[in-house]
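Quick note: numbers below take in every heavy atom, side chains included, and nothing from hydrogens, waters or symmetry partners.
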Amino acid sequence: TDRRRDQERFGVKLLQDDSLIRRAAAQDAAAFEQLMLLHQKPVYNICWRMAGNAEDALDLSQEVFLKAYRNIGNFDERSQFSTWIYRITANTCIDEMRKRKGRQSFSLEEELESEEGSMQRQVADAGETPEESMLREEQKSEILQALESLSPEHKVAVILRDIKGLSYEEIAEILELTLGTVKSRISRGRNQLKQEILKLREQDAHFIRHKRGKEGRQ
């Protein structure tokens with residue numbers, strides 16, 4: 001079954017991680033490079049969502065793995081490596097977003113590296129009508145703009161839950177927070193996203209009404 005194949009695949013990945021972690025902790029650079037390759041896509045994905053553009057996401061990803069390399073000897077083998085690397089990713093992104101407050105930018109034209117591979121984010125599904133494609137792009141733009149309104153702490157919690165699909169328990173472990181705090185941040189983040197999207201739609205509607213009014217007076 002698909003579930004069994006997933007379990008077998010993840011089991012192999014965990015074994016690979018364990019072996020590579022031990023070698024990397026012993027200053028084996030080649031082992032760390034292999035470990036990095038296993039996790040670079042999800043790390044980049046989080047950085048991309050936090051930063052909103054490919055250039056900053058790449059810089060943040062490199063910083064994450066540099067920190068991981070320097071601290072691999074302190075990794076607690078009782079934890080999952082993915083939890084540890086996500087924690088470094090979240091903290092690195094939060095610190096950087098605080099520094100860049102008000103200076104983040106996003107782009108719909110860049111490629112997004114997902115766990116399944118690279119995909120061009122602006123390309124419409126082959127089965128979509130032009131109207132459906134336009135609506136999907138508008139919704140995507142709204143979400144990306146709305147994400148920029150969140151604090152780094154709320155933003156990373158929403159990304160880990162609603163985009164990465166992690167459980168509340170996993171997020172609590174990654175962010176080193178209580179379960180209640182995680183649920184509160186995600187709830188508040190979602191509510192703020194909804195309010196920001198409504199605000200953006202109202203601004204767009206006002207712009208359209210204003211434009212039509214000017215055209216009608218010509």
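A donor-acceptor distance shorter than 3.5 angstrom exists from the side chain of Gln192 to the backbone of Ser149, with no hydrogens or angles considered. The backbone N or O of Lys67 sits less than 3.5 Å from a side-chain atom of Asn71, completing a donor-acceptor pair.
Salt bridge status for Glu153 with Arg98: present, with a side-chain N to carboxylate O gap under 4.0 Å. Under 4.0 Å is where a charged nitrogen must lie from a carboxylate oxygen, and between Glu202 and Lys199 no such pair does.
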Report, one line per pair, each donor and acceptor closer than 3.5 Å where one atom sits in a side chain of residues 169-176; sequence neighbours left out.
unit_1 : atom_1 : unit_2 : atom_2 : d
Glu170 : OE1    : Ser167 : N      : 2.8
Glu170 : OE1    : Ser167 : OG     : 3.3

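Evaluation of the side chain to side chain donor-acceptor pair (under 3.5 Å) rule for Arg70 yields no partner, not counting sequence neighbours. For Asp76, the side chain to side chain donor-acceptor pair (under 3.5 Å) partners at least two apart in sequence or on another chain are Arg78. For Ala68, the side-chain contact (heavy atoms from CB on, under 4.5 Å) partners at least two apart in sequence or on another chain are Phe32, Trp84, Ile85, Ile88. Every residue was checked against the side chain to side chain donor-acceptor pair (under 3.5 Å) condition with Ser187, not counting sequence neighbours, and none meets it. Applying the side-chain contact (heavy atoms from CB on, under 4.5 Å) test to Gln62 and every residue at least two apart in sequence or in another chain returns Leu58, Asp59. Arg161 is linked by a salt bridge (Lys or Arg N to Asp or Glu O under 4.0 Å) to nothing, counting only residues two or more places apart in sequence or in another chain.
Interatomic distance, CD of Glu196 versus CG of Asn191, reported as 13.0 Å (0.5 Å rounding). Taking CG of Leu38 as the start and OG of Ser82 as the end, the distance is 11.0 Å to the nearest 0.5 Å. With rounding to the nearest 0.5 Å, the separation of OG1 in Thr83 from CZ in Phe75 is 8.0 Å. One finds the OH atom of Tyr44 at 11.0 Å from the CZ atom of Arg49 (value rounded to the nearest 0.5 Å). Rounded to the nearest 0.5 Å, atoms CD1 (Ile159) and OG1 (Thr89) are 11.5 Å apart. To the nearest 0.5 Å, atoms CD (Gln195) and CG (Leu200) are separated by 11.5 Å.
Looking at heavy atoms from C-beta onward, Lys41 lies out of side-chain contact with Asn45 at the 4.5 angstrom threshold. With contacts defined as side-chain heavy-atom distances shorter than 4.5 Å, the pair Tyr69/Leu35 does not qualify. Within the 4.5 Å cutoff, the side chain of Val156 has no heavy atoms near those of the Cys93 side chain. At a threshold of 4.5 Å between non-hydrogen side-chain atoms, the residues Glu77 and Asp18 do not count as touching. Looking only at side-chain heavy atoms (C-beta outward), Ile197 and Arg201 come within less than 4.5 Å of each other. In this structure, Lys155 and Glu148 have side chains that are in contact, with non-hydrogen atoms separated by less than 4.5 Å. When side chains are defined from C-beta on, Tyr86 counts as touching Pro42, because their heavy atoms get closer than 4.5 Å. Inter-residue side-chain proximity for Val158 and Ile163 is flagged as unmet; no heavy-atom pair is nearer than 4.5 Å.
Minimum interatomic distance between Ala57 and Ala51 (heavy atoms only, all atoms of both residues): N-CB, 4.2 Å. Residues His39 and Phe81 approach most closely at NE2-CD2, 3.4 Å, considering heavy atoms. The nearest pair of heavy atoms linking Met97 to Pro152 is CB-CG, 3.7 Å. Of all non-hydrogen atoms in Gly189 and Leu150, the two that sit nearest each other are O-CD2, 3.7 Å. The two residues Ala31 and Ala24 have their closest heavy-atom pair at CB-N, 3.9 Å. Nearest heavy-atom pair, Phe65 versus Gln40, reported as atom, atom and distance to 0.1 Å: CZ-CA, 3.7 Å.
At most 12 heavy atoms of other shown residues, nucleotides or ligands fall within 6.0 angstrom of atom CD in Glu33.
Linking Ile, Leu, Val, Met, Phe, Trp and Tyr whenever their side-chain heavy atoms come within less than 4.5 Å puts Ile186 and Leu179 in one cluster.
At a cut-off of 3.5 Å, with distance as the only test, a side-chain donor of Thr178 or Thr181 sits close to an acceptor on the other residue.
Applying the salt bridge (Lys or Arg N to Asp or Glu O under 4.0 Å) test to residues at least two apart or on different chains, the pairs with a partner in residues 181-194 are Asp162-Arg190.
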